Amino acid sequence: MINEILLDPTAELSPVQKQLQPRLNSLDGATIGLLDISKPRGKEFLDVIEESLRQLGATVNRYIKPTFARTAPHELNQKISIECDAVIEGLAD
Amino acid sequence: MNDQISPSFSLVVKKACPTCELIQPVIKQLADALDITVYVQDDPEFLNSVVSTVDDSELKFSYHNNIEIVPTLLRHDPESQEERLVGWDKSQWETLTGLSELGQDISPFKPGCGSITQDPGMEEVLAARFESQKLRARLVNLAEAEDIFEAGYERGWTDGLPIIPPTPTRVMRMLGGTDRLADEIIGHVPPDNVPCPIEKIAINAVMAGCKPEYFSTVIAVVEAALQDKFCMHGLLCTTYFSSPVVIVNGPKSQLIGMNSGVNALGQGNRANATIGRSLQLLIRNVGGGKPGGIDRAVLGNPGKYTYCFAEDESDSDWPTLAMDRGFDRKQSVVSLFAGEGLQPILDQLSRSPVSLAKSIAASLRTVAHVKRFGMADAILVVCPEHRRVFRQGGWNKHDLRQALYEELMTPGAELLSGVDGMAEGMPARLRDKMLNKFRDDGLHIVTAGGTAGMFSAIISGWVASGDKGSQLVSQQID
């Protein structure tokens, strides 16, 4: 398959690559989501991360994917996006 | 030693052409006697048993040599001008080549076929292939798994509705709609005040869904928007509702199939919809004006997707908006107005111009606020049935304008802040003045709409109308 080429309609003031979301300046007062992808021992690992984040002043919400084999359901992504300032996904193995 | 440089020849053929098939023996004769290169447009195997050929399936030679018909025989002589023959004509070919007894066993004459370069849509494909150095915009390579229609959303290029992907071929086709050069800078687009070449307008016009035949109109719309009097920067930034409203006058509006009749201000007509949208996309993408960023509208209005229509010019005794602005009926003109929404004027009972003018004037008082005078301009859209009432009553457009002016003169005391229990209103210092609803040149009149229904309408203007903000601007279409 040949990759399509488009002409940039903008003033070309920003890079063509998609940019990352702005990073948080501080964890103090921020709400951080911890997403457990349902791999064994993920919970214990994320418990430690949660404690560290709390000590830095963050509020922590915990989420869990139904199965690591599939991408997270839309409903879960939407819930995290409105409840958290940032999310850490607990990859495992 | 012979110092004379002999001429060389080129021949362009395609297998799908019966004439090219017919003259195979001639091509063999030419190849045996002359310095000739044979270019084949379609099947590279064609003529393999006769002569060696050059594969021109990319059409590079054909495009650069403006081949319109196959076969074309070209004679290149360093000492004289190139000559060419199209189709097969024995005597002409013998004269041009200096050979005799060409194609003795075949018919002496047979016209050729169209060159593949002339196939429908091919011109722009080839322009994109061979003239792409004219395009200066950054190339955006999509990832392999990327959906081309989602790509515009991912990059923030759209107004929320899908766009046509701006491929080089489509942009070259759009640029074919104007004689102006792709790199001509047309002006600086607010709010970022970025220099804008014609090419960027073409890219955004493609995305908006325009046909190339609309492009000269789109360029005029952008030129109008960039006139200082229009105040595009302020209009974009305002917390008020307003946005550009585009009105097209003159023969061009009919040539490109714009709607001035039934549902003229509604959906469904490609030219109306996409010309207005082009400007909005340009302001968004080149100017950087996005809702929630520089665009601070409290509510906005649906016309910020697109707001564009043509005037009904069927009554030759009723001057058009463009004529009111100093143009004549034969000129094609776009006018831009900072406006929003549509306020109906229902009057199904008036049969006299005086009654109908009073109805319209009373409705016009609601522009911005019933007690705010001289603040916002307006466009009055007179529907055909209301226009008929005026015409049958012996009124022309000037009579209507004069009557509205007189009806809208109001004692300042009735409009002051606090009067009728409303804090909104005019300042107390105007108590003894006679005020008009509209500043001079603040009320514009156009006609449009279907022929059934006594429903005219008001397009309210920006509260920063006039010198302090935006004025209606007009621009002739090239």
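Here the structure is a predicted model, which is why all the values come from computation and not from measurement. Reminder, nothing fancy here: chain letters follow the sequence lines and each chain counts from 1.
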Original post:
Just wondering, are more than 12 heavy atoms of other shown residues or ligands nearer than 6.0 Å to CD in B:Q133?
Top reply: yes
Original post:
Any residues in residues 164-179 of chain B near chain A, with a heavy-atom distance under 4.5 Å, and which are they?
Top reply: B:P165, B:P166, B:T167, B:P168, B:V171
Original post:
What are the residues of residues 274-296 of chain B, in order of number, with any heavy atom under 4.5 angstrom from a heavy atom of chain A?
Top reply: B:N285, B:V286
Subject >> Greater than 12 external heavy atoms within 6.0 Å of A:F45's CZ >> reply: no
Original post:
Which of these passes side chain to side chain contact (heavy atoms under 4.5 Å, CB included) with B:R138: A:L6, A:D8, A:L7?
Top reply: A:D8
Subject >> Check ion pair B:R136-A:E12 (N to O, under 4.0 angstrom) >> reply: no
Original post:
Is it true that atom CD of A:Q55 has more than 12 heavy atoms of other residues, nucleotides or ligands lying nearer than 6.0 Å?
Top reply: yes
**OP:** Pick one of side chain, backbone, both or neither for B:L135, based on which atoms fall under 4.5 Å of a heavy atom in chain A.
**Re:** side chain
**OP:** Might you confirm whether atom CD of B:E123 has over 12 heavy atoms from other residues, nucleotides or ligands at distances under 6.0 Å?
**Re:** no
